[in-house]
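Chain letters run A, B, ... following the sequence lines, proteins first, then strands; residues in each count from 1.
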There are 2 protein chains.
Amino acid sequence: MRPNKRDELVSKALKVFYRDGFHATGMDKLVVETGVSKTSMYKHFRTKEELILAALRLRDENFRDWFLKRIDEMAETPVEQILVSFDALKEWFEEDEFRGCMFIKAGAEFQDPDHPIHVQAAEHKQFLLDHFTSVAEQAGAQDPHKLACQIVLLQEGAIVSAVLLQHCDPARDAKDAAKKLLASALN
Amino acid sequence: MRPNKRDELVSKALKVFYRDGFHATGMDKLVVETGVSKTSMYKHFRTKEELILAALRLRDENFRDWFLKRIDEMAETPVEQILVSFDALKEWFEEDEFRGCMFIKAGAEFQDPDHPIHVQAAEHKQFLLDHFTSVAEQAGAQDPHKLACQIVLLQEGAIVSAVLLQHCDPARDAKDAAKKLLASALN
DNA sequence: GCAAAAGTTAACAGATCGGTACACTTTGAG
DNA sequence: CTCAAAGTGTACCGATCTGTTAACTTTTGC
């Protein structure tokens with residue numbers, strides 16, 4: 001069990017970064033919250049930025065695993081898979097610890113498009129776009145890439161609305177919109 | 001011209017906050033970038049938070065003025081107004097200084113829902129939602145609130161996609177999606 | 001032209017930032 | 001049992017953070 005402490009550090013740091021933000025989380029706070037000594041942190045990661053990148057990689061892995069697995073559990077056909085993705089989002093929004101999308105936040109805190117953290121956030125979104133592009137192909141869409149862009153766009157919009165708007169049910173509204181898009185994209 | 005320097009400070013600070021982020025912008029950097037002395041800043045605003053709130057108020061004013069005016073210039077009927085809102089967004093996305101939505105970023109950096117900055121960001125989004133709800137009413141939508149939620153959702157999604165996704169034209173895709181929503185929401 | 005208001009520079013306080021140094025203890029494989 | 005790897009606590013570095021102080025200059029209204 002060599003890299004055990006390292007994994008524990010990354011997964012606890014992930015929680016803190018997600019809850020409090022990147023700039024707002026100092027290394028000293030991480031020492032307290034993770035229970036890992038600063039010396040040890042800097043033995044595993046040369047800089048805070050490397051730790052953030054590792055936390056984002058873990059988040060990417062966790063979220064993709066959960067999201068795609070949940071979709072697979074709930075639906076069989078490609079069209080249904082696109083639709084139930086919004087039900088999965090709704091489950092996420094209703095979690096107590098829900099604090100929006102970590103990658104949108106990472107892109108917002110590190111705005112330079114060439115910054116490694118921004119790049120990694122973009123890659124996460126690109127992966128999801130690619131995934132839904134292939135689902136759209138399987139569904140027989142006329143323009144799979146465009147449909148996928150629209151589905152992802154609805155998902156992003158739902159996440160942002162879930163964070164900033166009240167008296168709305170963005171997951172439901174987005175699913176409803178997706179239904180109409182699918183109806184005309186498949187003819 | 002009493003509050004001239006103050007307005008100048010707020011508008012220059014706004015640019016820096018928008019470009020570099022809130023936590024990443026220190027007061028000393030603002031002294032250099034705005035040309036206003038720190039003493040003077042703290043005479044106008046008791047804390048950095050108050051300055052951020054003033055910058056967000058100005059941004060809210062500027063963005064709403066520009067966005068709604070541009071929509072009015074481009075369209076006359078309510079339905080057309082909803083559609084051209086995405087053309088206005090496209091113009092914004094193509095600006096060199098485009099760095100995403102300041103309020104999404106504010107909500108991302110100050111995540112506590114009760115934090116004044118988060119609250120103010122949410123109010124901006126709520127205003128836009130209210131506006132498009134009344135446009136949807138004028139358009140004769142069956143469920144104006146739901147349609148407005150979906151339109152705003154598409155707008156938010158387009159903004160986030162414009163920041164994080166390449167090889168996409170989110171404004172066009174969102175407008176296309178809005179067309180289909182409108183077609184089925186109106187009769 | 002004069003006083004008050006508003007602005008300036010520059011130094012400073014106390015806290016926190018990311019990151020390092022050093023001496024020590026725990027742990028695990030051969 | 002041993003020895004190296006891995007982890008610990010603590011003190012520290014220089015830089016930067018938000019915010020303050022004091023003495024001085026400019027602008028402005030009357």
Side-chain angles (χ1 to χ4, degrees), chain A residues 1-58 105-106 108-112 115-118 120, chain B residues 1-58 105-106 108-112 115-118 120:
Chain A
M1 297 241 258
R2 191 88 105 344
N4 210 347
K5 206 77 183 180
R6 181 194 156 109
D7 292 354
E8 196 183 321
L9 163 62
V10 175
S11 85
K12 286 186 179 171
L14 166 56
K15 281 185 189 175
V16 183
F17 283 135
Y18 181 63
R19 193 211 322 135
D20 297 343
F22 300 100
H23 286 102
T25 301
M27 298 303 275
D28 290 309
K29 186 199 267 182
L30 285 179
V31 171
V32 175
E33 298 249 11
T34 67
V36 177
S37 68
K38 203 194 269 197
T39 317
S40 210
M41 286 182 174
Y42 278 97
K43 211 157 273 176
H44 288 299
F45 302 98
R46 278 161 37 198
T47 61
K48 182 186 180 182
E49 183 179 310
E50 283 190 12
L51 176 56
I52 292 176
L53 287 169
L56 286 177
R57 270 189 294 272
L58 178 60
K105 296 192 288 188
E109 284 206 52
F110 302 91
Q111 306 195 67
D112 180 353
H115 192 293
I117 293 175
H118 190 103
Q120 192 160 314
Chain B
M1 294 245 254
R2 214 64 107 8
N4 212 348
K5 207 79 182 177
R6 181 194 156 112
D7 291 354
E8 197 184 320
L9 163 63
V10 174
S11 84
K12 286 186 179 171
L14 166 55
K15 281 185 189 173
V16 183
F17 283 136
Y18 180 63
R19 190 206 329 133
D20 298 343
F22 301 99
H23 286 103
T25 301
M27 298 303 275
D28 290 309
K29 186 199 269 180
L30 285 179
V31 170
V32 175
E33 299 250 11
T34 67
V36 177
S37 68
K38 202 193 272 196
T39 320
S40 209
M41 286 181 174
Y42 278 98
K43 212 157 273 176
H44 288 302
F45 303 99
R46 277 163 35 199
T47 62
K48 180 185 181 182
E49 182 180 312
E50 283 190 12
L51 176 56
I52 292 175
L53 288 169
L56 287 177
R57 270 189 295 272
L58 178 60
K105 296 192 287 187
E109 286 206 50
F110 303 91
Q111 305 195 67
D112 180 353
H115 192 293
I117 293 177
H118 191 103
Q120 192 160 313

Problem - Basic-acidic side-chain contact under 4.0 Å: B/Glu8, B/Lys12 - result: yes
Exercise for the section: First locate atom CZ of B/Arg6, then atom NZ of B/Lys43, and finally report the distance between them rounded to the nearest 0.5 Å. Expected result: 14.0 Å
Exercise for the section: Please state how far atom CE in A/Met27 lies from atom C1' in D/dA15, giving the value in whole angstrom units. Expected result: 16 Å
Handout entry: Side-chain heavy atoms of B/Phe45 within contact of B/Ile52, under 4.5 Å
Key = no
Handout entry: B/Lys15 NZ: over 12 foreign heavy atoms closer than 6.0 Å
Key = no
Practice task
Can you tell me the distance, in whole Å, between the CZ atom of B/Phe45 and the P atom of D/dT18?
Solution key: 15 Å
Handout entry: Taking every non-hydrogen atom, the tightest pair across A/Thr34 and A/Ala13
Key = CG2-N, 4.0 Å
Handout entry: A/Lys48 side chain near C/dG18 phosphate (N/O to OP1/OP2, under 4.0 Å)
Key = yes
Practice task
Quick one: closest heavy-atom pair of A/Gln120 and A/Leu53, and the distance?
Solution key: NE2-O, 2.9 Å
Practice task
Give the nucleotide from the list C/dG19, C/dG18, D/dG7 with an atom nearest to the side chain of A/Thr47.
Solution key: C/dG19
Practice task
Would you kindly compare B/Lys43 and B/Glu49 by the position of their nearest DNA chain D nucleotide and give the one closer to the 5′ end?
Solution key: B/Glu49
Exercise for the section: Work out which heavy atom in B/Val36 is nearest to a heavy atom in B/Ser40; give both atom names and the distance. Expected result: CG1-CB, 3.8 Å
Practice task
Answer yes or no: is there a side-chain heavy-atom contact under 4.5 Å between B/Glu109 and A/Glu109?
Solution key: yes
Handout entry: Neighbours of DNA chain C within residues 12-23 of chain A, by heavy-atom distance under 4.0 Å
Key = none
Could you write out each protein N or O paired with an N or O of nucleotides 20-22 of chain C at a distance under 3.5 Å?
from	atom 1	to	atom 2	distance (Å)
C/dA21	N6	A/Thr39	OG1	3.3

Handout entry: Gap between atoms NE2 and P, on A/His44 and C/dG19 respectively (whole Å)
Key = 16 Å
Exercise for the section: Starting from C1' on D/dT18, measure out to CD1 on B/Ile52 and report it in whole angstrom. Expected result: 11 Å
Completion exercise
A/Ala24 and B/His23 have their tightest heavy-atom pair at CB-NE2, 4.1 Å
Practice task
Return the 5'-most residue of the pair A/Asp28, B/Val36 with respect to DNA chain C, ranking by each residue's nearest nucleotide.
Solution key: B/Val36
Problem - Geometric class of the A/Phe110/A/His115 ring pair [parallel <30°, tilted 30-60°, perpendicular >60°] - result: tilted
Exercise for the section: Between C/dG7, D/dG7, C/dT9, spot the one nearest the side chain of B/Ser40, thanks. Expected result: C/dG7
Problem - d(CE, B/Met41; C1', D/dT21) in whole Å - result: 18 Å
Handout entry: Contact under 4.0 Å: A/Lys5 side-chain N or O vs D/dT8 OP1/OP2
Key = yes
Exercise for the section: Return the angle between end axes of the helix from C/dG1-D/dC30 to C/dG30-D/dC1, with five pairs used per end and rounding to 10°. Expected result: 30°
Handout entry: Nucleotide nearest B/Ser37 (side chain, heavy atoms from C-beta), chosen from D/dG7, C/dT9, C/dG18
Key = C/dT9
Practice task
Would you mind reading off the distance between B/Leu30 atom CG and D/dT16 atom C1', rounded to a whole angstrom?
Solution key: 14 Å
Practice task
Measure from the side-chain N and O atoms of B/Lys105 to the backbone N and O of B/Tyr18, and report whether any donor-acceptor pair falls under 3.5 Å.
Solution key: yes
Problem - Note, A/Lys29 side chain near A/Asp20 side chain (heavy atom, < 4.5 Å) - result: yes
Exercise for the section: Figure out the CD/C1' separation between B/Glu50 and D/dG19, and round it to whole Å. Expected result: 13 Å
